[in-house]
Structures are given as structure tokens and as C-alpha cells.
Amino acid sequence: MSAVTFEGQIPQPPQSPLRRVSAWFFRHPTLALLALLAVPMAWMVVVYLGSLSALLAQSFFRLDGFTGRIIREFGLSTYEQLFTAANIDIVVRTTVMAAAVTVAGALIAFPLAYYTARFAPPRLKTFLYLAVLLPLWSSYLVRVYTWKIILAQEGIITWVFEALGLRGVLDGILAIPGIGGSSLSFSYLGMFLVFVYIWLPYMVLPIMTALERVPNSLVEASSDLGARPRYTFRRIILPLAFPGVVAGSIFTFSLTLGDYIIPQVIGNSSFFIGQVVYAQQGTAGNIPLAAAFTVVPVVIMLSYLLLARRLGAFDAL
Amino acid sequence: MHSSTRAGWGVKLGAVGAFVFLHFPLLIIILYAFTTEEASFRFPPPGLTTQWIGELFNRDDFWRALGLSLQVAVIATLLALILGTLIALALARANFFGRDSISLLVILPIALPGIVSGIALRSAVSILGVPFSTWTIILGHATFCIVTVYNNTVARLRRTAHSQVEASMDLGASSFQTFRYIILPNIATALVAGGMLAFALSFDEVIVTTFTAGNQQTLPIWIFSQLTRPRDRPVTNVAALFVIAVTFIPIILAHRLTRDQRD
């Protein structure tokens with residue numbers, strides 16, 4: 001930069017049109033804010049909220065059973081169709097799976113998050129953090145596909161069981177009605193494993209964040225007052241980490257409710273919410289029913305979010 | 001003192017277990033890209049070969065899908081960069097009515113299940129009678145990519161000392177000059193990082209894409225269609241390895257770019 005010359009008066013910058021615009025916005029901060037937000041908000045409101053409203057509107061239309069055409073009149077007949085026994089079955093099956101995946105995810109994620117947040121030396125901590133982040137961002141579809149390979153009848157899990165001489169145990173597990181199947185890749189158990197695997201990073205990261213925020217002074221105070229580590233963990237660390245668990249559960253639960261690829265690639269022929277939506281809008285051409293079905297996970301998620309907010313999960317996100 | 005500065009063996013074992021669970025499948029995909037087995041997923045592979053890499057190179061449909069994915073990811077990322085940065089600039093310091101609603105609106109496309117966003121966009125597109133094209137895919141991708149750019153940029157803006165901006169204004173710079181010479185250099189790496197994550201997100205997205213694409217196939221849709229064709233398994237394995245490699249690089253770079261600033 002050249003030296004500032006001072007000649008008795010403050011040098012005035014040239015009044016370019018751009019500068020006048022800038023000065024005008026400086027005097028009108030609200031309008032400046034509006035100018036910044038106008039384009040992105042127009043995008044979000046028109047493209048996204050517009051689409052969501054279109055979806056909601058569709059769910060009140062109905063499909064004419066004879067002509068196969070959509071009748072654009074508001075009514076509740078599509079929702080009547082939604083509440084048939086078979087469809088309620090699908091909703092229950094999906095919700096139970098989502099709940100099971102969430103609980104298992106929390107149990108597996110906690111030790112990893114706990115070790116990373118509170119015990120790992122700095123370099124290892126960075127490494128572990130990145131190790132959790134990488135699968136989160138890397139190819140969802142490829143990771144699902146990998147599990148197809150692992151769970152296949154002739155795949156690595158069967159091989160391990162055979163090598164250990166435990167083939168009978170695996171067959172025994174697969175014979176259990178409700179969770180078994182012809183092979184792991186055609187069973188609820190296999191699907192459950194894949195769901196837990198795919199969403200695990202979403203559970204680890206919020207728990208890690210919550211655990212890192214637990215003040216060390218509290219832990220030290222607890223032990224100074226004579227509490228054993230186990231007691232400190234149960235009474236200090238766990239309650240403070242719990243909002244992180246709830247925050248993680250929002251992701252695992254929501255993602256399981258809406259997924260249609262995992263149940264299609266892994267598992268047997270019984271439907272999950274996502275698959276019905278996909279099938280109804282695609283092959284069946286019943287967009288109103290598909291729309292009504294998507295309202296189900298949205299309603300479940302909204303109720304869950306309200307509950308989570310009361311448990312303090314939003315501060316841990 | 002019982003102060004727990006060292007982890008018990010139970011915690012360590014659990015951590016190692018979860019770590020192996022997270023990363024072992026990625027090793028499997030590397031192994032299977034080189035297997036000589038053509039039809040099944042037999043383990044252990046009967047032999048290893050690099051033959052499938054060559055075969056993938058000769059598959060036109062793969063290259064078309066890759067080209068489309070790159071095209072979509074680049075344009076969606078650019079759009080998300082512009083829109084996400086504008087929102088971040090508006091929300092970083094201002095406190096106004098509706099601020100929380102705006103940040104919720106930005107997060108919504110990835111917070112709601114993908115199928116909801118997907119079918120919502122599809123209904124809108126079909127109600128408007130717009131033909132499905134590369135542009136309808138880009139529209140969807142840009143919408144859910146905004147949040148990654150926004151998150152990275154808003155975090156950086158909050159860490160940037162506001163005194164620099166005030167100094168610039170005091171010295172007579174217009175807000176455009178301040179943006180060009182003060183704010184932009186400060187947020188540059190955050191923008192690159194956010195852009196890379198947006199790119200990775202778009203490059204990999206399959207659920208929303210299924211609903212907003214016409215006949216075109218992005219790379220994930222191509223892979224998905226391959227899953228039902230056992231004959232092409234070896235080639236699919238190589239493609240899967242390829243996708244992992246392509247997404248890992250921007251993610252690691254993005255992490256480095258944001259970490260260096262934080263330390």
C-alpha cells in the first residue's frame with residue numbers, strides 16, 4: 001500500500017454508482033437485509049415450501065379407481081385408504097424398526113463418542129473425528145451395497161461362522177420367525193444391521209459434542225467429593241450427555257422412517273413406508289396415496305421433535 | 001483420586017468395536033473390486049484381478065452417468081454457494097423477527113426424510129407441467145446443498161472479528177469493497193469447504209434424484225440400477241470403489257481447510 005497523504009482534508013472517494021448503492025443500503029439496514037435475503041428466500045419458499053404445499057394438497061386429492069386419473073377435489077377419502085389394516089401394519093413395522101435402530105445405534109455409538117471426547121489424546125481425537133465424519137459424507141449407496149456383499153448367503157459373515165464351526169448357530173438365528181430369513185441379506189436382522197451401520201455417524205457426532213461440553217471441573221468435583229468413577233459417570237456425565245443422544249436419535253429415527261433403498265436392497269418382500277411411497281407414486285400412479293403416506297413420517301417426526309425439544313436435544317445439535 | 005483420566009477397558013473395547021464396524025465394510029468394497037468371481041459375492045475371493053477396471057473404462061453408460069453427475073454437482077454447488085453465502089451474510093450478525101424460521105427453512109430439506117423432499121419436488125414439477133430434465137435434478141440438489149454452504153460460512157463469519165469490517169467502513173470503503181477485500185478473504189476457505197461438501201452431497205444423492213430425474217441416470221442411480229443385474233457385478237464393484245475415492249478427496253480437503261483456520 002502506498003503511504004497515506006494527508007493534505008488538510010480527508011480524501012473523498014469518487015462517487016461511483018456502486019458506492020451510492022452501498023451508502024443507501026448503509027442508511028437502510030432493513031432493506032439491506034431484505035436485498036441479501038430476497039433471492040435465497042424466494043428460492044426456498046417457491047421451490048421448497050411450494051413443493052411441500054403441493055405435496056400436502058395432493059394428499060387431499062384422490063385417485064379415480066376406474067379411470068386411474070387424479071381427481072383434484074379436496075376430500076379425506078385418500079386418508080381413509082391410508083388407515084386400512086395393511087397400511088397400519090406398514091407404519092407400525094417401520095416405526096418399530098426405526099426405534100430399534102435408534103436404541104442400538106445409541107448403544108454402539110456411546111463408547112466411541114465417550115472415548116473420543118474424554119480420553120483420546122489430541123492427535124487420535126482428530127483422527128477418530130475424521131474417521132466418523134468420512135462415512136457420514138461418503139457414498140450412502142455404495143455402503144449399502146457393501147453390506148449386500150457382506151450379508152450374502154456365500155458372503156463373509158457366513159464364511160466366518162463356518163470357519164468357527166458355528167454354522168448351526170447362524171442357521172438357528174435365521175430360523176427365528178420375525179427376524180430371520182433365507183439368508184441374512186433377506187432378513188429383518190440384516191436390514192436392522194445395515195440401518196444401524198449407515199446412520200451410526202449421525203449418532204456418534206452429537207453425543208461427542210455433548211460429552212465434550214461436560215465441564216471437567218464437575219467431574220473433578222464429583223471425584224473430590226468421594227464419588228467412584230462409575231457413580232460420577234452415572235450421575236454427572238450420563239445426564240449431561242443425554243441431550244446428545246436424543247439429538248442423534250432425531251437423525252437415526254427420521255432417516256429410518258423415510259428410507260426406501262435399504263428395505264429394497266436388503267430384506268424380504270414386506271413393505272416399509274418409503275417403499276410404499278415410491279411404489280404408489282411410480283408404478284401405481286396413485287400420487288394422492290403416496291402423498292398421504294409421506295404425511296405419516298412428517299407427523300411422527302414433528303411429534304418426536306416436540307418431545308426432543310422438551311428433553312433439551314436442540315441445544316446439543 | 002478417582003478422577004478418570006484413563007479409559008477403562010470396557011470403553012476402549014466398545015470404541016474399537018464401533019470403529020471397526022464403521023470401517024471394515026469399506027475394506028470389503030476395495031477387496032471385491034479385484035475379485036475374479038463374476039457371478040456371486042463369494043468370500044474369500046477365489047483370485048484377484050485388475051480386469052474389471054479396464055471393463056469399466058469401456059462402459060459408455062458409466063461415463064454418461066459420471067458426466068451427468070459431475071455436471072449436476074458443479075452447477076448445484078455453484079448455486080448453493082451463491083444462495084448459502086447470501087443467507088449467511090444476512091443471518092450471521094443480524095437479529096430480527098423470523099431469523100429462526102429462516103434457519104429452520106434452510107435445514108428442512110435435509111432434516112425431513114429424503115423421500116418427503118423428493119416426492120414434494122416431484123409433485124410440484126408435475127403440477128406445473130415442467131418436463132423432467134437435468135435442470136429439475138439440479139433444482140433439487142441445489143436446494144439441499146444450500147445448508148452445507150450456509151453452515152460453514154455462518155460459522156466462519158461468527159469467528160471473524162467484526163472490528164475488521166468496522167475498520168474498513170471507517171476508512172471509507174463501500175460495503176462492496178469491504179466484502180471484496182475483508183469478508184471474502186476471511187470466508188474463502190469456508191466457502192471452498194462448504195462447496196466441497198455440497199459437491200460430495202450432490203455427487204452421492206440418490207433418493208431425491210430418483211424423483212426429480214426423467215430418464216437420465218446420475219452415477220448413484222446408475223449404480224442402483226446395476227444392483228439388480230447380477231451379470232454386471234464385478235463392474236459395479238469397481239464403480240463403487242471409484243465413487244468412494246471421488247467423494248473421500250473433497251471431504252478430507254474440506255476438513256483440512258476448516259481445521260487450519262480453527263487452530
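Reckoned from all heavy atoms, side chains included, excluding hydrogens, waters and symmetry mates. Order of the sequence lines fixes the chain letters, A, B, ..., with proteins taken first and strands second; residue numbering starts at 1 for each chain.
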Notebook entry, point to check: Is the count of non-hydrogen atoms from other residues, nucleotides or ligands lying under 6.0 Å from B/Arg99 atom CZ greater than 12?
Noted result: yes
Item checked: Residue, of B/Pro113, B/Ala124, B/Pro220, B/Ala15, that accumulates the most heavy atom pairs under 4.5 Å with chain A -> B/Ala15
Next item on the list: Specify which of A/Val21, A/Leu33, A/Ile273 makes the most heavy-atom pairs with chain B at under 4.5 Å.
Entry: A/Leu33
Next item on the list: Output the distance between atom CG (A/Leu211) and atom CZ (A/Phe119), rounded to the nearest 0.5 Å.
Entry: 9.5 Å
Item checked: Spatial distance of atom SG (B/Cys145) from atom CD (B/Glu205) [nearest 0.5 Å] -> 9.0 Å
Note to self: Angle between ring planes, A/Phe251 versus A/Tyr202, binned at 30° and 60°: parallel, tilted or perpendicular?
What the structure shows: tilted
Check: Side chain, backbone, both or neither: which part of A/Tyr197 has a non-hydrogen atom closer than 4.5 Å to chain B?
Finding: both
Next item on the list: Return yes when atom CZ of B/Phe176 has more than 12 non-hydrogen atoms of other residues, nucleotides or ligands closer than 6.0 Å, and no otherwise.
Entry: yes
Checklist line | Leading residue by heavy atom contact count with chain B [cutoff under 4.5 Å; candidates A/Phe26, A/Trp147, A/Phe25] | finding: A/Trp147
Next item on the list: Identify which of B/Ile244, B/Val243, B/Ile207 forms the greatest number of heavy-atom pairs closer than 4.5 Å to chain A.
Entry: B/Ile207
Notebook entry, point to check: How many angstroms lie between CZ in A/Arg72 and CD1 in B/Ile127, if you round to the nearest 0.5 Å?
Noted result: 5.5 Å
Next item on the list: Give, as side chain, backbone, both or neither, the part of B/Ile146 having an atom under 4.5 angstrom from any heavy atom of chain A.
Entry: side chain
Notebook entry, point to check: Is it the side chain or the backbone of A/Gln264 that comes within 4.5 Å of chain B heavy atoms, both, or neither?
Noted result: side chain
Check: Among A/Gly155, A/Ala32, A/Gly258, who wins on heavy-atom pairs under 4.5 Å with chain B?
Finding: A/Gly258
Check: Side chain, backbone, both or neither: which part of B/Ala239 has an atom under 4.5 Å from a heavy atom of chain A?
Finding: neither
Next item on the list: Select one option (side chain, backbone, both, neither) describing which atoms of B/Phe24 are under 4.5 Å from chain A's heavy atoms.
Entry: side chain
Next item on the list: Would you mind checking which part of B/Thr148 comes under 4.5 Å of any heavy atom in chain A, side chain (CB onward), backbone (N, CA, C, O), both or neither?
Entry: side chain
Check: Can you say whether A/Ala131 sits under 4.5 Å from chain B via the side chain, the backbone, both, or neither, judging by heavy atoms?
Finding: both
Check: Taking A/Thr126, A/Asp259, A/Thr146 one by one, which has the highest count of heavy-atom pairs under 4.5 Å against chain B?
Finding: A/Thr146
Checklist line | Atom group of B/Leu197 that falls short of 4.5 Å from chain A, counting heavy atoms | finding: both
Checklist line | Distance-minimising heavy-atom pair for B/Ala80 and B/Ala142 | finding: CB-O, 4.2 Å
Note to self: Working note: B/Thr210 + A/Tyr278, criterion side-chain hydrogen bond (donor to acceptor under 3.5 Å, both in side chains); need CA distance, chi angles, decisive distance, verdict.
What the structure shows: CA-CA 9 Å; B/Thr210 312; A/Tyr278 184 70; 5.7 Å; no
Which pairs would a plain distance check flag for residues 35-55 of chain A, meaning a side-chain donor or acceptor within less than 3.5 Å of a matching protein atom at least two apart in sequence or in another chain?
| unit_1 | atom_1 | unit_2 | atom_2 | d |
| --- | --- | --- | --- | --- |
| A/Trp43 | NE1 | B/Thr143 | OG1 | 3.1 |
| A/Tyr48 | OH | B/Ser117 | OG | 2.7 |
| A/Ser51 | OG | A/Val47 | O | 2.3 |
| A/Ser53 | OG | A/Leu49 | O | 2.6 |

Notebook entry, point to check: Where on A/Val265 is there a heavy atom nearer than 4.5 Å to chain B: the side chain, the backbone, both, or neither?
Noted result: side chain
Check: What option among A/Val144, A/Leu141, A/Ile198 has the most heavy-atom pairs under 4.5 Å with chain B?
Finding: A/Leu141
Next item on the list: Quick one: which of A/Leu130, A/Leu257, A/Leu255 has the most heavy-atom pairs under 4.5 Å with chain B, could you say?
Entry: A/Leu130
Checklist line | Closest contact, heavy atoms only, B/Gly118 versus B/Phe211 | finding: O-CB, 3.4 Å
Margin query: Does any backbone or side-chain atom of A/Leu200 lie under 4.5 Å from a heavy atom of chain B? Answer side chain, backbone, both or neither.
Written below: side chain
Checklist line | Contact leader toward chain A among B/Leu13, B/Leu201, B/Leu105, where contacts are heavy-atom pairs under 4.5 Å | finding: B/Leu105
Item checked: A/Ile70, part contacting chain B, at a heavy-atom distance under 4.5 Å -> neither
Notebook entry, point to check: Is chain A contacted by the side chain of B/Tyr32, its backbone, both, or neither, given a heavy-atom distance below 4.5 Å?
Noted result: side chain
Margin query: Nearest 0.5 Å, please: how far is CD1 in A/Ile262 from NZ in A/Lys148?
Written below: 12.5 Å
Check: chain A: which of B/Ala120, B/Ala90, B/Ser123 shares the most heavy-atom pairs with it under 4.5 Å?
Finding: B/Ala120
Item checked: From CZ (B/Arg180) to OG1 (B/Thr178), nearest 0.5 Å -> 12.0 Å
Checklist line | Most chain A-contacting option - heavy-atom pairs closer than 4.5 Å, from B/Gly140, B/Gly84, B/Pro109 | finding: B/Pro109
Note to self: Return the OG1 to CD1 distance between B/Thr85 and B/Ile183, rounded to the nearest 0.5 Å.
What the structure shows: 11.0 Å
